[in-house]
Trainee: 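Would you mind keeping the following structure in view while I ask a few things?
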Amino acid sequence: IEVPSIAIIKGSSLNLGADNIATVGDMITYTYTITNTGTEVLTSVTVLEQALSFTGTGTLPVPTYDAGNTAVQGTLQVGESATYTAMYAITQADIDAGFVDNQAMTTGNNPAGTQVSDVSDSSNPADVNETDTPGNNDGDDPTNTPIEVPSIAIVKGSILDLGVDAIATVGDEIT
């Protein structure tokens, strides 16, 4: 029995630039690996970001086919994989939120025209949205890209040593 099936794994990485600080315009690169997991050739293979799961406040990323693939664009042989990429420039609202979540969907058609699809699972290690094993396509979890903003905090306290007389006098020490 011929069975069409497709899978998508999506990862992300944030490039903070030379200053290594999250600033407006820093770029998130998304990488999508699409695999024909069925027993039939798939054609009309597409990858689209899902607007409803996108928490970014800028323009929805648009996945494009990686021309360096050995796969033919839009066609996946049985067991074959193809890679797509997209870029997203972070906004101040994204920095304030501390993350961007999003998810993609891939579709393809078998020779009879039956469409198959899959929603992406994240390949990011320690992804806060992950419900299964990252990168194993065993869940359909949005990809989380944390945007960490450097911060520092200090806590200060003091104690006044009044000495043996228990009266504040010149020379008593504050620690």
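Side-chain atoms are counted along with the backbone in the values below, which use heavy atoms only and exclude waters and symmetry mates.
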Trainee: Mind checking what makes side-chain contact (heavy atoms from CB on, under 4.5 Å) contact with Asp161, not counting sequence neighbours?
Mentor: none
Trainee: Output the distance between atom CD1 (Ile167) and atom OG1 (Thr169), rounded to the nearest 0.5 Å.
Mentor: 7.5 Å
Trainee: Does any pair with a residue in residues 69-81 pass side-chain hydrogen bond (donor to acceptor under 3.5 Å, both in side chains), and if so which ones, sequence neighbours excluded?
Mentor: Thr35-Ser81
Trainee: Looking only at non-hydrogen atoms, find the nearest pair between Ser123 and Gly11 and report the distance.
Mentor: OG-CA, 3.2 Å
Trainee: Show which residues join Met27 in its hydrophobic cluster (side-chain heavy-atom contacts under 4.5 Å, direct or indirect), or state none.
Mentor: Met87
Trainee: Test of understanding: with side-chain contact (heavy atoms from CB on, under 4.5 Å), list the residues that count as partners of Thr107, not counting sequence neighbours.
Mentor: Thr46, Met105, Gln115, Ser117
Trainee: Is there a side-chain contact between Leu60 and Tyr88 (heavy atoms, below 4.5 Å)?
Mentor: no
Trainee: Are the side chains of Asp101 and Thr143 in contact, using a 4.5 Å heavy-atom criterion?
Mentor: no
Trainee: Please collect all side-chain hydrogen bond (donor to acceptor under 3.5 Å, both in side chains) contacts where either partner lies in residues 57-66, sequence neighbours excluded, each pair once.
Mentor: Thr57-Thr91, Thr57-Asp94
Trainee: State, yes or no, whether a side-chain contact exists between Ile90 and Val24 at a heavy-atom distance under 4.5 Å.
Mentor: no
Trainee: Would you call Val45 and Thr106 a side-chain contact if the rule is heavy atoms closer than 4.5 Å?
Mentor: yes
Trainee: Can you list, by chain and residue number, the hydrophobic cluster partners of Val41 when the side-chain cut-off is 4.5 Å?
Mentor: none
Trainee: Could you check whether any side-chain N or O of Asp118 sits under 3.5 Å from a backbone N or O of Ile8, counting only pairs where one atom can act as donor and the other as acceptor?
Mentor: yes
Trainee: Backbone N or O of Leu48 within a donor-acceptor pair of the Gln50 side chain at under 3.5 Å?
Mentor: yes
Trainee: Tell me every residue that passes side-chain contact (heavy atoms from CB on, under 4.5 Å) with Ser44, counting only those two or more places apart in sequence or in another chain.
Mentor: Asn109
Trainee: Once you round to the nearest 0.5 Å, how far does OG of Ser122 lie from CD of Gln103?
Mentor: 9.5 Å
Trainee: Give the other cluster members for Val72, using side-chain heavy-atom distances under 4.5 Å between Ile, Leu, Val, Met, Phe, Trp and Tyr residues; answer none if it is isolated.
Mentor: none
Trainee: Taking all non-hydrogen atoms of both residues into account, name the closest pair between Tyr84 and Gly74 and its distance.
Mentor: OH-N, 4.2 Å
Trainee: Pick from Asn144, Thr31, Asn124: which one makes a side chain to side chain contact (heavy atoms under 4.5 Å, CB included) with Ser12?
Mentor: Asn124
Trainee: From Thr85 OG1 over to Tyr30 OH, what is the distance, rounded to the nearest 0.5 angstrom?
Mentor: 12.5 Å
Trainee: Does any pair with a residue in residues 42-51 pass salt bridge (Lys or Arg N to Asp or Glu O under 4.0 Å), and if so which ones, sequence neighbours excluded?
Mentor: Lys10-Glu49
Trainee: Evaluate side-chain contact (heavy atoms from CB on, under 4.5 Å) for Ile34 paired with Ile6, printing each intermediate quantity in order.
Mentor: CA-CA 7 Å; Ile34 317 308; Ile6 196 167; 3.7 Å; yes
Trainee: How would you list, by chain and number, every residue that makes a side-chain contact (heavy atoms from CB on, under 4.5 Å) with Asp96, sequence neighbours excluded?
Mentor: Gln92
Trainee: ring-ring contact (aromatic ring centres under 6.0 Å, His included) with Tyr32: which residues, sequence neighbours excluded?
Mentor: none
Trainee: Which residues, ordered by chain and number, are linked to Leu160 in its hydrophobic cluster, where ILVMFWY side chains connect at heavy-atom gaps below 4.5 Å, directly or through other members?
Mentor: Leu162, Ile174
Trainee: Which heavy atom in Ala7 sits nearest to a heavy atom in Thr37, and how many Å separate them?
Mentor: CB-CG2, 3.8 Å
Trainee: Considering only heavy atoms from C-beta outward, does the side chain of Asn15 approach that of Asp26 to under 4.5 Å?
Mentor: no
Trainee: Are Ile147 and Leu14 packed together at the side-chain level, in the sense that at least one heavy-atom pair is separated by less than 4.5 angstrom?
Mentor: yes
Trainee: Taking the side chain as every heavy atom from C-beta outward, state whether Pro61 and Phe54 have any atom pair closer than 4.5 Å.
Mentor: yes
